[in-house]
2 protein chains.
Amino acid sequence: MKVLSKGSVYALRALTYVVAHKGDIGYVSIGELSRSLDISFHFLTKIFQQLTQAGILESYRGPNGGIKLARPPHEIKVIEIVDVLEGPEFFNTCLLGLPGCGEFDPCPVHDFWAKAKEALRREFELTTLAELGTKVSDERLRIKP
Amino acid sequence: MKVLSKGSVYALRALTYVVAHKGDIGYVSIGELSRSLDISFHFLTKIFQQLTQAGILESYRGPNGGIKLARPPHEIKVIEIVDVLEGPEFFNTCLLGLPGCGEFDPCPVHDFWAKAKEALRREFELTTLAELGTKVSDERLRIKP
DNA sequence: TTGGTTTAAGACCTTCAAGTCTCAAAAAAC
DNA sequence: GTTTTTTGAGACTTGAAGGTCTTAAACCAA
Ligand code: FES
Ligand code: FES
């Protein structure tokens with residue numbers, strides 16, 4: 001059951017790590033995140049490039065450079081990250097793989113699946129990076145393998 | 001968002017078609033199902049082989065052969081098909097891709113995801129092929145692209 | 001100015017689900 | 001028997017996601 005792509009997963013884990021362990025000050029280098037979370041450096045770089053271009057992150061090159069959140073963590077919703085990395089069709093998938101997913105021409109499992117997707121969308125809409133960070137730093141929930 | 005593999009999806013669509021359009025009598029050839037639902041014949045054959053070996057289907061070779069349900073449609077739950085085709089780890093995935101998913105060492109989104117997965121499992125547990133078939137034959141819900 | 005450190009960009013490789021193809025085996029019709 | 005129709009089994013190919021590598025560009029410091 002692969003709901004999120006590796007890109008979204010790595011982005012969420014890495015940014016949660018930043019919020020939990022680095023606070024909101026200065027740039028964090030991708031190399032450190034890669035090492036700390038055991039994620040491929042180059043792959044993480046590509047993911048962050050997308051988020052930077054989307055205005056969610058800011059980057060800075062050179063010594064002591066890296067990435068940082070463009071806005072405070074409590075203003076950045078999980079769904080923003082997912083939207084960028086999964087694309088606009090993410091919440092428009094039919095559970096039976098049929099093209100489109102809507103009321104107009106539903107499949108036999110649409111009633112259930114529409115509600116399940118809406119619950120997921122709502123969760124992503126309501127959860128911010130600040131909350132994820134707090135859970136990791138306060139409750140010590142895990143974020144790495 | 002790919003929740004079910006193509007294998008599960010094709011199996012559910014094909015067996016729902018059988019229940020809705022063929023009733024519970026005799027064998028239905030894979031060739032007809034492949035043509036009617038626009039699914040690769042050879043791929044569908046491989047999927048049905050797994051379900052036959054698992055005892056969910058029965059097959060018969062030669063003219064007028066094909067596959068049929070091993071039990072009446074109202075006794076075959078969706079989860080049985082998913083279990084065979086997705087394997088035992090299907091409901092044990094962490095939303096953040098961490099190994100295992102359990103209360104003992106949860107990630108920051110575990111609380112939500114555990115409930116969401118349980119809702120999906122429950123739906124698959126409660127839904128039978130008979131119900132899917134009825135929805136397609138009575139309410140004319142779609143089952144092909 | 002030179003060299004080290006870092007992200008940016010894109011080419012390239014790998015892996016695995018998905019899909020295709022080929023031949024064998026079973027059954028019926030002739 | 002022989003041929004036709006069907007599933008069984010497995011090798012092979014494809015495509016896309018995931019991952020690696022290389023070079024460029026920005027930035028700092030000695
Ligand atoms: S149409 Fe299939 S889930 Fe909505
Ligand atoms: S541990 Fe991550 S969802 Fe359960």
Side-chain angles (χ1 to χ4, degrees), chain A residues 1-15 18 26-35 37-70 82 85-87 89-90 93 96-97 145, chain B residues 1-14 18 26-35 37-70 82 84-87 89-90 93 96-97 145:
Chain A
M1 173 154 41
K2 174 155 41 184
V3 174
L4 295 173
S5 69
K6 291 284 187 185
S8 301
V9 163
Y10 290 165
L12 289 173
R13 283 174 48 206
L15 297 183
V18 168
Y27 294 93
V28 183
S29 87
I30 303 178
E32 177 185 347
L33 293 173
S34 161
R35 267 177 269 113
L37 295 169
D38 201 22
I39 298 172
S40 151
F41 168 76
H42 291 287
F43 192 28
L44 195 52
T45 297
K46 288 205 298 192
I47 296 162
F48 282 158
Q49 281 168 19
Q50 294 184 68
L51 294 175
T52 301
Q53 286 162 1
I56 294 174
L57 297 181
E58 286 172 5
S59 68
Y60 201 81
R61 289 191 259 203
N64 298 313
I67 56 97
K68 70 171 182 182
L69 302 179
V82 171
L85 297 173
E86 303 287 343
E89 287 301 298
F90 184 69
T93 54
L96 294 188
Chain B
M1 173 155 37
K2 174 157 41 181
V3 173
L4 295 174
S5 69
K6 291 284 186 186
S8 300
V9 163
Y10 291 165
L12 289 173
R13 283 174 46 206
V18 169
Y27 293 93
V28 183
S29 86
I30 303 178
E32 177 186 346
L33 293 172
S34 161
R35 267 177 269 112
L37 295 169
D38 201 22
I39 298 172
S40 153
F41 168 75
H42 292 287
F43 192 28
L44 195 52
T45 297
K46 287 206 299 189
I47 296 163
F48 282 158
Q49 281 169 18
Q50 293 183 68
L51 293 175
T52 301
Q53 285 162 1
I56 294 174
L57 298 182
E58 285 172 6
S59 67
Y60 200 82
R61 289 191 262 203
N64 297 315
I67 57 97
K68 71 171 182 183
L69 302 178
V82 171
V84 170
L85 297 173
E86 303 287 343
E89 286 302 298
F90 184 69
T93 54
L96 295 187

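Chain A is the first sequence line, chain B the second, and so forth, proteins listed ahead of strands; every chain is numbered from 1. This one's a predicted model, so the numbers in the text were calculated from it and none came from an experiment.
Within the 4.5 Å cutoff, no side-chain heavy atoms of B:Leu33 are placed close to those of B:Ile39.
The line from NZ of A:Lys2 to OG of B:Ser5 is 11.5 Å long, rounded to the nearest 0.5 Å.
Rounded to whole angstrom, the span from the CG atom of A:Leu37 across to the P atom of D:dG19 amounts to 14 Å. If you measure from atom CD1 of B:Ile30 to atom P of D:dT6, you get 11 Å, rounded to the nearest angstrom. Across the protein-nucleic acid pair, B:Met1 atom CE and D:dA16 atom P stand 20 Å apart, rounded to whole Å. We find that CD of A:Glu89 is positioned 14 Å from P of D:dA17, with the value rounded to whole Å. For the pair A:Leu44 CG and D:dA17 P, the computed distance is 19 Å after rounding to whole Å. Atom-to-atom, NZ of B:Lys68 to C1' of D:dT7 comes out at 15 Å; the value is rounded to the nearest Å. When rounded to the nearest whole Å, the span between CD1 of B:Ile47 and P of D:dT7 equals 14 Å.
Across all their heavy atoms, A:Gly55 and A:Ala70 have their closest contact at O-CB, 3.3 Å. For B:Ile67 against B:Ser59, the heavy-atom pair with the smallest separation is CG2-CB, 4.1 Å. Among all heavy-atom pairs drawn from A:Gly7 and A:Leu85, the shortest one is O-CD1, 3.6 Å. Between A:Arg13 and A:Pro145 the shortest heavy-atom distance is NH2-CD, 3.2 Å. Nearest heavy-atom pair across A:Leu37 and A:Ala14 is CD1-CA, 3.4 Å. Residues A:Ala11 and A:Ile47 share a closest heavy-atom pair of CB-CG2, 3.8 Å.
Scored by the side-chain hydrogen bond (donor to acceptor under 3.5 Å, both in side chains) test, A:Glu32 finds A:Lys22 as partners (sequence neighbours excluded). With sequence neighbours excluded, the residues satisfying ring pair (Phe, Tyr, Trp, His ring centres under 6.0 Å) with B:Tyr27 are B:Tyr60. Contacts of A:Pro63 classified as side-chain contact (heavy atoms from CB on, under 4.5 Å), with partners at least two apart in sequence or in another chain: none. The ring pair (Phe, Tyr, Trp, His ring centres under 6.0 Å) search around A:Phe48 returns none, not counting sequence neighbours. Considering only residues two or more places apart in sequence or on other chains, A:Phe41 meets the side-chain contact (heavy atoms from CB on, under 4.5 Å) condition with A:Ile30, A:Ser34, A:Thr45. Among residues two or more places apart in sequence or in another chain, the side-chain hydrogen bond (donor to acceptor under 3.5 Å, both in side chains) test is passed with B:Gln49 by none. For B:Glu58, the salt bridge (charged side-chain N to carboxylate O under 4.0 Å, His left out) test picks out no residue, with sequence neighbours left out.
In this structure, A:Tyr10 reaches the D:dG19 phosphate: one of its side-chain N or O atoms is under 4.0 Å from OP1 or OP2.
For the pair A:Glu86 (side chain) and A:Leu4 (backbone), a donor-acceptor distance under 3.5 Å is absent.
Comparing A:His42 and A:Leu4 along DNA chain D, the residue whose closest nucleotide (by nearest heavy atom) sits nearer the 5' end is A:Leu4. The nearest heavy atom of DNA chain D to A:Lys6 and to B:Gln49 marks one nucleotide each, and the one closer to the 5' end goes with B:Gln49.
Think of the region where chain A sits on DNA chain C: with heavy atoms and a 4.0 Å cut, that region ends 5' and 3' at C:dG4 to C:dA11.
Using a 4.0 Å cutoff on non-hydrogen atoms, no part of residues 50-57 of chain B comes near DNA chain C.
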Could you list, one pair per line, each protein nitrogen or oxygen that sits under 3.5 Å from a nitrogen or oxygen of nucleotides 12-14 of chain D, together with the distance?
none

Could I get a table of every N or O pair under 3.5 Å where one atom is in the protein and the other is in nucleotides 25-29 of chain D?
residue	atom	partner	partner atom	Å
D:dA26	O4'	A:Arg61	NE	3.4
D:dC27	O3'	A:Tyr60	OH	3.2
D:dC28	OP1	A:Tyr60	OH	3.1

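End-to-end axis angle of the helix from C:dT1-D:dA30 to C:dC30-D:dG1, from C1' rotation axes over five pairs per end: 10° (rounded to 10 degrees).
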